[in-house]
Amino acid sequence: MRILMIGPPGAGKGTQGALIAAHFDIPRVVVGDLLRDHVARRTNLGRVVDGHLGRGELVPDEIMLCIVRQTLNATRAASSGYVIDGLPRTMAQARAAYKIATELDMSANVAVHLRAEDKELTRRLLARAALEHRSDDTEQVIRHRLDLYQQVTQPIIAWFAQRGILVSVDAMRPVGEVGREILAALELMRPPAGHIPARVRRPVDLTGLGARCAQT
Ligand code: AP5
């Protein structure tokens, strides 16, 4: 299974992406975590993207597409499947990432779309802020992230639907209920075991990813 997670901030992309990756035993890439890790390590990429993350702005497409290529190459070396959380977020990213993935024979066969209302999303993110202190989990920045999602990311959903890969789920319900519905839908779409390429499963080392992407 090659799966993209899409949905507004706080919809549960990380929460459900982890469940899916464990269920299907496939590597998971969390783009936000990758970027925050670079910020924490003060790498070149981290210094470039720090302000974007703090303000809730999207990181420029050129940097993200460099990361896409590296991510797909790294996952391809280890597995025929993946869960990618956080990509694409702009139509330009969607089209370019599709082209790169097709060249590598790694294009997604499912996009899991999590739907939820802004009021509930804000509640979840402010609750997380009390525990985790993410720089973008403030009321003002959350508002901006939600607006950006509506304006820039939401249009990609219709494109996924046209490609016939969209699975759209009501994410307003409790975590377990949402997860069960997603796994049931994905099980129906899972390729028969005999069709899965017998590629050896190895852990994917993501620590070096993005290291050269700040120069793009
Ligand atoms: P990223 O880290 O991806 O942030 P986000 O999209 O805002 O998503 P969140 O992690 O806040 O929410 P989530 O949907 O994963 O929900 P979660 O499971 O964590 O990206 C951060 C930044 O990186 C972006 O703003 C941008 O700057 C940059 N970036 C990333 N990708 C980019 C790209 N492609 N292009 C350009 N820039 C990019 O859950 C949230 C909380 O809710 C948790 O506390 C969880 O426990 C709780 N929760 C989850 N589900 C439920 C439920 N069903 N009921 C109750 N609580 C729940």
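Both ligands and their constituent atoms are indexed starting at 1 by order of listing. For reference, positions follow the sequence shown, starting with 1. If you're wondering where the values come from, they're calculated on a predicted model, not measured in any experiment.
- The single protein non-hydrogen atom nearest to atom 55 (C) of ligand 1 is R124 NE, 3.5 Å, given as residue, atom name and distance.
- The pair R145-D137 meets the salt-bridge criterion, since a charged nitrogen lies less than 4.0 angstrom from a carboxylate oxygen.
- Closest to atom 7 (O) of ligand 1 among all protein heavy atoms lies R145 NH2, 2.6 Å.
- Considering backbone and side-chain N/O atoms, D137 never comes within less than 3.5 Å of an N/O atom of ligand 1.
- In terms of protein heavy-atom proximity, atom 8 (O) of ligand 1 is closest to K13 NZ, 3.2 Å.
- When non-hydrogen atoms are compared, ligand 1 lies under 4.0 Å from neither the backbone nor the side chain of M172.
- By the criterion of a heavy-atom distance under 4.0 Å, both the backbone and the side chain of V175 are placed next to ligand 1.
- Summarising the local packing, CD of E117 is surrounded by 12 or fewer heavy atoms from other residues, nucleotides or ligands at distances under 6.0 Å.
- Interface of L87 with ligand 1, defined as ligand atoms under 4.0 Å from a residue heavy atom, comprises 34 (N).
- In this structure, the separation between CD on E103 and OH on Y98 is 11.5 Å, given to the nearest 0.5 Å.
- By the 4.0 Å heavy-atom criterion, R134 is counted among the residues contacting ligand 1.
- Taking a cut-off of under 4.0 Å to the non-hydrogen atoms of G10, the atoms of ligand 1 that pass are 9 (P), 11 (O), 12 (O), 13 (P), 14 (O), 16 (O), 40 (C).
- Not counting sequence neighbours, the partners of A92 by the side-chain contact (heavy atoms from CB on, under 4.5 Å) test are D61, T90.
- Which parts of ligand 1 touch Q93 is read off a 4.0 Å heavy-atom cut-off, strictly below it: atoms 33 (C), 34 (N), 35 (N), 36 (C).
- The protein heavy-atom contact nearest to atom 3 (O) of ligand 1 is R89 NH2, 2.5 Å.
- Residues L125 and V178 fall into different hydrophobic clusters, defined by Ile, Leu, Val, Met, Phe, Trp and Tyr side chains chained together at heavy-atom separations under 4.5 Å.
- Distances below 4.0 Å separate heavy atoms of L58 from the following atoms of ligand 1: 36 (C), 37 (N).
- Between V59 and ligand 1, an N or O atom pair is found at a separation short of 3.5 Å.
- Both V167 and M1 belong to a single network of hydrophobic side chains, linked directly or stepwise wherever heavy atoms of I, L, V, M, F, W or Y lie under 4.5 Å apart.
- With a 4.0 Å heavy-atom cut-off, ligand 1 is reached by the side chain of M64 but not by its N, CA, C or O.
- Where the criterion is an N or O separation shorter than 3.5 Å, residue side chain and backbone included, G56 fails it with respect to ligand 1.
- For the ligand labelled ligand 1, residue Q16 lies outside the 4.0 Å heavy-atom shell.
- Atoms of ligand 1 lying under 4.0 Å from any heavy atom of T15, numbered from 1 in the order shown and given with element: 17 (P), 18 (O), 39 (O), 45 (C), 49 (C).
- Hydrophobic clustering (side-chain heavy atoms under 4.5 Å, transitive across Ile, Leu, Val, Met, Phe, Trp, Tyr) groups V31 together with L104.
- Nearest protein heavy-atom contact of atom 40 (C) of ligand 1 is R128 NH1, 3.6 Å.
- Counting atoms of ligand 1 from 1 in the listed order, those under 4.0 Å from a heavy atom of L125 are 11 (O).
- Distances shorter than 4.0 angstrom occur between a heavy atom of P8 and an atom of ligand 1.
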inquiry  = With salt bridge (charged side-chain N to carboxylate O under 4.0 Å, His left out) as the criterion, how do E139 and R143 come out once you've worked through the C-alpha distance, each side chain's angles and the decisive distance to 0.1 Å?
reply    = CA-CA 6 Å; E139 204 152 356; R143 181 70 264 153; over 6 Å; no
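- Residue contacts with ligand 1: R36 is placed with a nitrogen or oxygen under 3.5 Å of a nitrogen or oxygen of the ligand (distance criterion only).
- Applying side-chain contact (heavy atoms from CB on, under 4.5 Å) to L58 and the options V152, L53, I63, V49 leaves one that passes, V152.
- Residue, atom and distance of the protein heavy atom nearest to atom 53 (N) of ligand 1 are R173 O, 2.9 Å.
- Heavy-atom separations between A11 and ligand 1 include at least one value shorter than 4.0 Å.
- Under 3.5 Å, the side chains of N44 and R47 contain a donor-acceptor pair of N or O atoms.
- Two residues are said to be in side-chain contact when any heavy atoms from C-beta on lie closer than 4.5 Å; R28 and Y82 fail this criterion.
- G14 N, 2.9 Å is the protein heavy atom nearest to atom 15 (O) of ligand 1.
- For atom 16 (O) of ligand 1, the nearest non-hydrogen atom of the protein is G12 N, 3.1 Å.
- Residues I20 and M189 are members of one and the same hydrophobic cluster, defined by side-chain heavy-atom contacts under 4.5 angstrom among Ile, Leu, Val, Met, Phe, Trp and Tyr.
- The atoms of ligand 1 that sit less than 4.0 Å from any heavy atom of L35 are 23 (O), 28 (C), 29 (N), 30 (C).
- Residue E57 has at least one heavy-atom neighbour below 4.0 Å for each of these atoms of ligand 1: 26 (C), 27 (O).
- On a distance-only criterion, D85 and ligand 1 share no N/O pair closer than 3.5 Å.
- Looking only at atom types and distance, the side chain of S168 has a donor-acceptor partner in the side chain of R115 under 3.5 Å away.
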ask   = Step by step, would you call E177 with R180 a salt bridge (charged side-chain N to carboxylate O under 4.0 Å, His left out)?
value = CA-CA 5 Å; E177 228 176 276; R180 278 191 294 279; 5.3 Å; no
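- Counting all heavy atoms, side chain and backbone alike, S79 lies closest to I26 at OG-CG2, 4.3 Å.
- With V112 as the fixed residue, the side-chain contact (heavy atoms from CB on, under 4.5 Å) test singles out one of L186, L4, I6: L186.
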